[in-house]
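Naming: A, B, ... by sequence-line order, numbering from 1 per chain.
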There are 2 protein chains.
Amino acid sequence: MQLDHLDTEIIALLVEDARRSYAEVGARIGLSASAVKRRVDRLRAGGAITGFTVRLDPSALGWTVEGYVELYCRNSTAPAVIRRAVDRFPEVVDASTVSGDADAVLRIVATDMRHFEQVLEQIGAQPFVARTKSVLVLSPLLRRASAPPPH
Amino acid sequence: MQLDHLDTEIIALLVEDARRSYAEVGARIGLSASAVKRRVDRLRAGGAITGFTVRLDPSALGWTVEGYVELYCRNSTAPAVIRRAVDRFPEVVDASTVSGDADAVLRIVATDMRHFEQVLEQIGAQPFVARTKSVLVLSPLLRRASAPPPH
DNA sequence: TTTGAAACAGTATTAAA
DNA sequence: TTTAATACTGTTTCAAA
């Protein structure tokens, strides 16, 4: 789907605060509320906007430990197999297969170090996992909700 | 701040869809709309909920290339210095200082491979950066907006 | 096609109990 | 906490650019 500059402005405003009313968004970009609604509907139908969520502070919710985990898998493990396995852990907030030595990279949150270790053990015990290598997050520097539209 | 099970249910429902009305959330957990609003207000004031955003599909917006970048910095670079530097790049969607050999891990999105390379060069050219090491994302497996409340 | 104005229904918000 | 009153907002319709 094709986005014009008004669409990108709408997205940028909603990334900042998705609770803004159509009227307010419209006032900022020179459009009526109904015109904004139509564009938002189109952006949702077209798949650019996939939903609306709350932004949470992990530490305020009790997630005090965070880390990146590289997964080294046994020969030719399908991405779908990895996905199904990690999907069962709510602690895994991000997972991708990657180029390089490792097969996948996960981002994991845990309530404390013991919990982190337990999750790591459970993931390492999956039949397709040969080994894991993990680093702990020391300070979160930047956590953008989503990338804004390019250019 | 302390969360009871109703708070965690409210958060879980809003993570799924932040556009649900207070009345709908209330109906699902057995509370009136105004009671839900009061709790959401309290969760925002307490910092557990930091805002409301749209969930975007990066590929639908033209971000086709994604990767992890490890940053190796010169002796004793303060986290704040790294943050200030990477904050200027909208392509950096996530950054943390980490334990292990590298000093920081970034997640970067780009419109194409050439763009990814350009961003990598610009970051590598920062005075405090000794070298970078990056892996490309092959398939995104899981992208949870936020971690739900623990337990 | 895409827009703005109007009308209605639904929701947020506040005050009161 | 609920209920109830009010103001706003979402949503649809329709006519116009």
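- Remark: P of D/dT9 and CG of A/D17 are 13 Å apart, rounded to the nearest angstrom.
- Taking atom CG of residue A/D41 and atom C1' of nucleotide D/dG10, one finds them 10 Å apart after rounding to whole Å.
- For the residue pair B/Y22 and B/E24, no side-chain donor N or O sits within less than 3.5 Å of a side-chain acceptor on the partner.
- Summarising the geometry, the separation between CZ on A/R20 and P on D/dG10 is reported as 13 Å, rounded to the nearest angstrom.
- For B/K37, whose side chain is taken as the heavy atoms from C-beta onward, the closest listed nucleotide among C/dT14, D/dT2, D/dG10 is C/dT14.
- Side-chain N or O atoms of B/D17 include none that pairs as donor or acceptor with a backbone N or O of B/L14 at under 3.5 Å.
- Residue B/S21 is classed as a sugar-phosphate contact, given heavy-atom separations below 4.0 Å to backbone atoms only.
- When each of B/L106, B/I108, B/V137 is tested with B/Y68 by the rule side chain to side chain contact (heavy atoms under 4.5 Å, CB included), just one qualifies, namely B/V137.
- Nucleotide C/dT2 holds its C1' atom 9 Å from the CG atom of A/L31, rounded to whole Å.
- Closest to the side chain of A/S34, out of C/dG4, D/dT3, D/dT1, is C/dG4.
- Rounded to whole Å, the distance from CZ on B/R19 to P on D/dT9 is 14 Å.
- Where A/A23 and B/A33 meet DNA chain D, the nucleotide closest to each residue was compared, and B/A33 sits on the side nearer the 5' end.
- In this structure, A/L43 places its CG atom 12 Å from P of C/dT2, rounding to the nearest Å.
- Here the side chain of A/Y22 is nearest to one of D/dG10, D/dT2, C/dG4, namely D/dG10.
- Using a 4.0 Å cut-off, no side-chain N or O of B/R38 falls inside it from OP1 or OP2 of D/dT2.
- Candidate nucleotides D/dT1, C/dT2, C/dG4 were compared by shortest atom distance to the side chain of B/R39, and D/dT1 ranks first.
- B/T64 places a side-chain N or O within donor-acceptor distance of the main-chain N or O of B/T111, the cut-off being under 3.5 Å.
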